[in-house]
*Asks:* 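Here it is, the structure in full.
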Amino acid sequence: AVFVVYRAPSLSFNKCKLMLDKLSVAINKLAPDTELIMMGDFNLPDVSWDLGVVKCPIDSKNQNFLIQQLFLDFFMKHDLRWIIRDNVKTRVRKVLTEIQSATLDNVLTSDVNIFQEYQTTPPLGKSDHVGIV
């Protein structure tokens, strides 16, 4: 089963929870041995994909950090492993004179053996996100 996800950066905590609840319902309807791939622009800039944690102060009440933790908890609940790590920046853009980069897009799977390797490609059109193939 393949799921494609886009989380708008402005989406509230409650709307994110609702979206993840609906995804959980869909996942739970799958046969137990179904391989799952979930990919998209999750907009989780403070996640350390190497460590599997949100980089934030302990006990933070910041909604953005809480949303990112909500997504990590969802991924772990459904035994999804991320393929893209911190060293791969999926969005690179220039703001004034500064180059900003972050790992916002990812591919998650219930079976890491599905992906032997991947490559990034230059952005299409005016996008500031790289392609992942």
Side-chain angles (χ1 to χ4, degrees):
V2 177
F3 292 82
V4 179
V5 176
Y6 171 72
R7 182 189 79 83
S10 60
L11 206 59
S12 71
F13 182 89
N14 288 337
K15 295 225 181 210
C16 286
K17 182 159 181 6
L18 179 63
M19 178 175 72
L20 293 176
D21 288 346
K22 289 183 179 207
L23 282 169
S24 285
V25 168
I27 290 169
N28 292 334
K29 288 182 180 179
L30 299 172
D33 59 343
T34 301
E35 293 176 347
L36 177 62
I37 298 171
M38 184 175 292
M39 64 184 102
D41 181 354
F42 296 97
N43 279 305
L44 307 175
D46 300 301
V47 168
S48 168
W49 297 104
D50 289 343
L51 301 174
V53 298
V54 178
K55 299 174 282 185
C56 68
I58 295 174
D59 297 328
S60 174
K61 303 296 183 216
N62 178 298
Q63 288 295 296
N64 193 38
F65 293 142
L66 295 175
I67 287 168
Q68 293 179 78
Q69 187 61 55
L70 183 71
F71 272 81
L72 276 183
D73 292 345
F74 170 84
F75 299 150
M76 291 178 199
K77 172 184 171 187
H78 291 288
D79 202 25
L80 294 170
R81 302 289 175 252
W82 39 91
I83 304 301
I84 310 296
R85 299 296 176 160
D86 290 342
N87 64 323
V88 177
K89 302 307 179 197
T90 63
R91 185 195 70 194
V92 179
R93 65 182 179 176
K94 186 174 182 181
V95 177
L96 300 175
T97 60
E98 179 185 354
I99 299 294
Q100 297 178 344
S101 62
T103 307
L104 301 181
D105 308 271
N106 217 317
V107 178
L108 300 102
T109 180
S110 58
D111 180 3
V112 293
N113 295 317
I114 292 174
F115 293 92
Q116 299 301 318
E117 63 182 64
Y118 67 90
Q119 297 177 357
T120 59
T121 62
L124 295 174
K126 295 185 179 192
S127 175
D128 57 3
H129 293 253
V130 301
I132 301 168
V133 293

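Counting begins at 1 with the first residue of the sequence.
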*Asks:* Tell me which one of T120, T90, D105 satisfies side-chain hydrogen bond (donor to acceptor under 3.5 Å, both in side chains) with H129.
*Replies:* D105
*Asks:* Roughly how far, to the nearest 0.5 Å, is the CG atom of N14 from the CE atom of M19?
*Replies:* 13.0 Å
*Asks:* Could you check whether any side-chain heavy atom of N43 comes within less than 4.5 Å of a side-chain heavy atom of P9, counting everything from C-beta outward?
*Replies:* yes
*Asks:* With a 4.5 Å heavy-atom cut-off, do F71 and V54 have their side chains touching?
*Replies:* no
*Asks:* Quick check on the hydrophobic clustering: are L80 and F3 connected, directly or via other members, by side-chain heavy-atom contacts under 4.5 Å?
*Replies:*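 Yes, because L80 and F3 connect within a single hydrophobic cluster, where side-chain heavy atoms sit under 4.5 Å apart.
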*Asks:* Is there side-chain contact between S60 and L66, with heavy atoms separated by less than 4.5 Å?
*Replies:* no
*Asks:* Do R7 and L44 have side chains that approach each other closer than 4.5 Å (heavy atoms only, starting at C-beta)?
*Replies:*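 In short, these two side chains touch, coming nearer than 4.5 Å.
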*Asks:* Between the main-chain N or O of T109 and the side-chain N or O of R81, is there a donor-acceptor pair closer than 3.5 Å?
*Replies:* no
*Asks:* Do H78 and L23 come close enough that some side-chain heavy atom pair is under 4.5 Å?
*Replies:* no
*Asks:* Identify the heavy atoms of I67 and S12 that sit nearest to each other, and give their distance.
*Replies:* CD1-C, 3.9 Å
*Asks:* Counting only heavy atoms not in K17, do more than 12 sit closer than 6.0 Å to its NZ atom?
*Replies:*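 Atom NZ in K17 is not packed in, count stays at 12 or less.
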*Asks:* Using every non-hydrogen atom in the two residues, find where W82 and G52 come nearest and quote the distance to one decimal.
*Replies:*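 Closest heavy-atom pair between W82 and G52: CZ2-CA, 3.5 Å.
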*Asks:* Measuring only between side-chain heavy atoms, which start at C-beta, is V130 closer than 4.5 Å to K89?
*Replies:* no
*Asks:* Please check if the distance between the ring centroids of F42 and F75 is under 6.0 Å.
*Replies:* yes
*Asks:* Working note: L72 + Q68, criterion side-chain contact (heavy atoms from CB on, under 4.5 Å); need CA distance, chi angles, decisive distance, verdict.
*Replies:* CA-CA 6 Å; L72 276 183; Q68 293 179 78; over 6 Å; no
*Asks:* Is it the case that one hydrophobic cluster holds both V88 and I37, taking links as side-chain heavy atoms less than 4.5 Å apart, direct or via other members?
*Replies:*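 In one cluster: yes.
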*Asks:* Could you pull out the closest heavy-atom pair between L36 and S110, with the gap in Å?
*Replies:*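 For L36 versus S110, the nearest heavy atoms are N-OG, 2.8 Å.
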*Asks:* Going hydrophobic residue to hydrophobic residue with side-chain gaps under 4.5 angstrom, can you get from V5 over to L30?
*Replies:*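 V5 and L30: one cluster.
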*Asks:* Could you check if a side-chain atom of I132 sits within less than 4.5 angstrom of a side-chain atom of M39, using non-hydrogen atoms only?
*Replies:*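 Counting from C-beta outward, I132 and M39 never come under 4.5 Å.
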*Asks:* Quick one: do D73 and K77 make a salt bridge, cutoff under 4.0 Å?
*Replies:* no
*Asks:* Quick one: do Y6 and L18 end up in the same hydrophobic cluster if we chain Ile, Leu, Val, Met, Phe, Trp and Tyr together by side-chain heavy atoms under 4.5 Å apart?
*Replies:*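 Different hydrophobic clusters.
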*Asks:* Using modelled atom types only, decide if a donor and an acceptor are shared between the side chain of S127 and the backbone of L124 within a distance under 3.5 Å.
*Replies:*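 Side chain of S127 to backbone of L124, a donor-acceptor pair under 3.5 Å: no, none is there.
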*Asks:* Find the distance between CZ (F115) and CG (L108) and round it off to the nearest 0.5 Å.
*Replies:* 9.0 Å
*Asks:* If you define the side chain from C-beta out and look only at heavy atoms, does anything of Y118 sit under 4.5 Å from V107?
*Replies:* no
*Asks:* Report yes or no: does D86 contribute a side-chain atom to a donor-acceptor pair with the main-chain N or O of S48 at less than 3.5 Å?
*Replies:* no
*Asks:* Looking at every heavy atom in both N64 and N62, which two are closest together, and how far apart are they?
*Replies:*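 Closest pair (atom of N64, atom of N62, distance): N-OD1, 2.7 Å.
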*Asks:* W49 and side chain to side chain contact (heavy atoms under 4.5 Å, CB included): which partner among T103, I84, N87, I83?
*Replies:* T103
*Asks:* Please say whether more than 12 non-hydrogen atoms of neighbouring residues, nucleotides or ligands are located less than 6.0 Å from CD1 in I99.
*Replies:*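 Correct, the count exceeds 12.
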*Asks:* Looking at K15, I want to see if its NZ is surrounded by more than 12 non-hydrogen atoms of other residues, nucleotides or ligands under 6.0 Å.
*Replies:* no
*Asks:* Test of understanding: clusters of I, L, V, M, F, W, Y form through side-chain heavy atoms closer than 4.5 Å, transitively. Do V4 and I114 belong to the same one?
*Replies:*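 Same hydrophobic cluster.
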